[in-house]
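Keep in mind that what you see is a predicted model, and the values were worked out from it rather than measured.
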Amino acid sequence: MRFAVTGAAGFIGSHLSETLSGRGHEVVGVDSFTDYYDPALKLENARGLDVRRIDLGVDHIDFVGFDAVFHLAGQPGARSFGQVFPDYLWRNLLATQRVFEAAVKAEVPVVWASSSSVYGEAERYPTPEDAVPRPNNPYGVTKLSCEHLHDTYERLFGLRAVALRYFTVYGPRQRPDMAFARMVRAMARGEEFELYGDGSQSRSFTFVRDVVDATIGALEAPPGIYNVGGGEEHTMREALAVLEEVADRSLRVRFGPQQTGDNRRTKADTSRIEQAIGWRATTSLRDGLEEHWAWASNSPAVLATTS
């Protein structure tokens with residue numbers, strides 16, 4: 001089969017592209033290589049993949065001849081407000097609208113990445129998909145707007161799409177601004193790690209391989225919205241303790257202020273996707289952090305010190 005993957009040079013997108021290629025599929029990647037973090041890291045992720053430099057907000061998009069589209073491109077970052085808001089409109093909302101337009105024209109289905117950030121401080125835990133969304137940041141706001149676009153294009157234009165609300169994905173190649181990436185980098189370099197908040201905030205940490213399996217499996221799911229989250233919930237203090245055991249070394253931690261827009265808790269109810277395609281996260285936090293640490297502690301990009 002022939003698949004298009006947007007955001008193919010990113011963290012999840014590169015893992016997805018490699019897995020699809022490894023299963024014998026033809027994969028054409030798309031990425032705009034934005035400077036949200038060092039584009040050299042994305043170029044390294046894309047090594048060996050067919051990734052074309054396209055800005056989904058303005059460049060021509062044609063999905064004719066593809067069997068499906070995996071739309072993972074977007075502007076990340078759950079703590080951003082102020083002058084950067086247009087980036088979220090461009091790279092999340094506008095880009096997704098244009099992907100949906102092209103998918104409808106080509107009559108191909110789309111599996112795309114939404115986010116647990118749409119829930120904000122959720123009304124209940126574990127959080128099911130029918131919980132009232134109350135996003136706390138521009139990322140969540142624009143992802144929720146993309147979900148509204150999904151619904152509109154489905155009703156008015158016959159879009160066939162599945163939205164996946166990812167919950168705190170981690171693993172090798174994780175974005176360098178995310179907590180686990182900063183943790184393993186500080187551990188590998190022997191540096192101090194700044195933890196935002198008091199460490200009691202908790203997450204449904206989800207290993208990237210489990211997320212890739214859910215994303216591919218979603219091609220067989222009925223159209224709709226599905227949570228994709230780890231089966232375990234852990235506080236940041238618990239995650240730090242697990243990493244120290246895995247790495248067999250101590251991490252110096254400095255506690256900083258809680259960040260505006262950062263949710264204190266996430267916990268996924270994954271009953272819907274379990275019933276739809278039989279998917280469930282199977283990687284424990286310890287096993288996932290062992291793989292993350294093994295990669296990070298041998299990665300020149302991680303080990304390189306800044307001058």
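Contact check for F70 versus L219: side-chain heavy atoms found under the 4.5 Å cut-off. Residues V111 and H71 have side chains not in contact (no heavy-atom distance under 4.5 Å, counting atoms from C-beta outward). Side-chain contact between R165 and S115 is absent, with no heavy-atom pair separated by less than 4.5 Å. Inter-residue side-chain proximity for R264 and E121 is flagged as met; some heavy-atom pair is nearer than 4.5 Å. Counting heavy atoms from C-beta outward, R286 and V246 have side chains that approach closer than 4.5 Å. Looking at heavy atoms from C-beta onward, V51 lies in side-chain contact with F33 at the 4.5 angstrom threshold. In this structure, the side chains of N45 and F11 stay at 4.5 Å or more apart for every pair of heavy atoms. Taking the side chain as every heavy atom from C-beta outward, E147 and I225 approach each other to under 4.5 Å.
Checking side-chain atoms of S21 against main-chain N and O of E18 turns up no donor-acceptor pair under 3.5 Å. A donor-acceptor pair is defined here as one N or O able to donate and one able to accept, closer than 3.5 Å; such a pair exists between the side chain of T6 and the backbone of A73. Remark: side-chain polar atoms of D59 are paired, donor with acceptor, to backbone N or O of D55 under 3.5 angstrom. Judged by distance alone, the side chain of Y88 and the main-chain N or O of G140 form no donor-acceptor pair under 3.5 Å. The closest donor-acceptor contact from the side chain of E123 to the backbone of V132 lies under 3.5 Å. In this structure a side-chain-to-backbone donor-acceptor pair under 3.5 Å is present from D67 to R2.
Of the N and O atoms on the side chains of R173 and S14, at least one donor lies less than 3.5 Å from an acceptor on the other residue. Between the side chains of H292 and E290, no donor-acceptor pair of N or O atoms lies under 3.5 Å. Residues T34 and K42 have side chains that bring a donor and an acceptor to within less than 3.5 angstrom of each other. Judged purely by distance below 3.5 Å, without hydrogens or angles, the side chains of N227 and Y119 pair a donor atom with an acceptor atom. For the residue pair E233 / S204, no side-chain donor-acceptor distance below 3.5 Å is found, with atom types taken as modelled. For the residue pair D177/Y36, the side-chain donor-acceptor check at 3.5 Å is satisfied.
Under the 4.5 Å side-chain heavy-atom criterion for grouping Ile, Leu, Val, Met, Phe, Trp and Tyr, I273 is not connected to W112 through any hydrophobic cluster.
Among E101, H148, R160, the one residue that satisfies the side chain to side chain donor-acceptor pair (under 3.5 Å) test with Y153 is E101. Screening N92, L94, D87, V118 against T142 for a side-chain contact (heavy atoms from CB on, under 4.5 Å) leaves a single residue, N92.
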Could you go through the salt bridge (Lys or Arg N to Asp or Glu O under 4.0 Å) check for E291 and R209 one step at a time? CA-CA 11 Å; E291 289 196 40; R209 185 170 52 249; 2.9 Å; yes
Working for salt bridge (Lys or Arg N to Asp or Glu O under 4.0 Å), residues R98 and D62: CA-CA 10 Å; R98 298 186 79 243; D62 185 358; over 6 Å; no
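Judged as a ring-ring contact (aromatic ring centres under 6.0 Å, His included), and not counting sequence neighbours, the contacts of F180 are Y170, F205.
A salt bridge links R47 and E44; the closest N-O separation between the charged side-chain nitrogens and carboxylate oxygens is under 4.0 Å. With respect to the salt-bridge test (charged N to carboxylate O, under 4.0 angstrom), the residues D31 and R91 do not qualify.
Note that R265 lies in the cation-pi zone of Y125, set by a 6.0 Å cut-off to the ring centre and a 45° limit from the axis.
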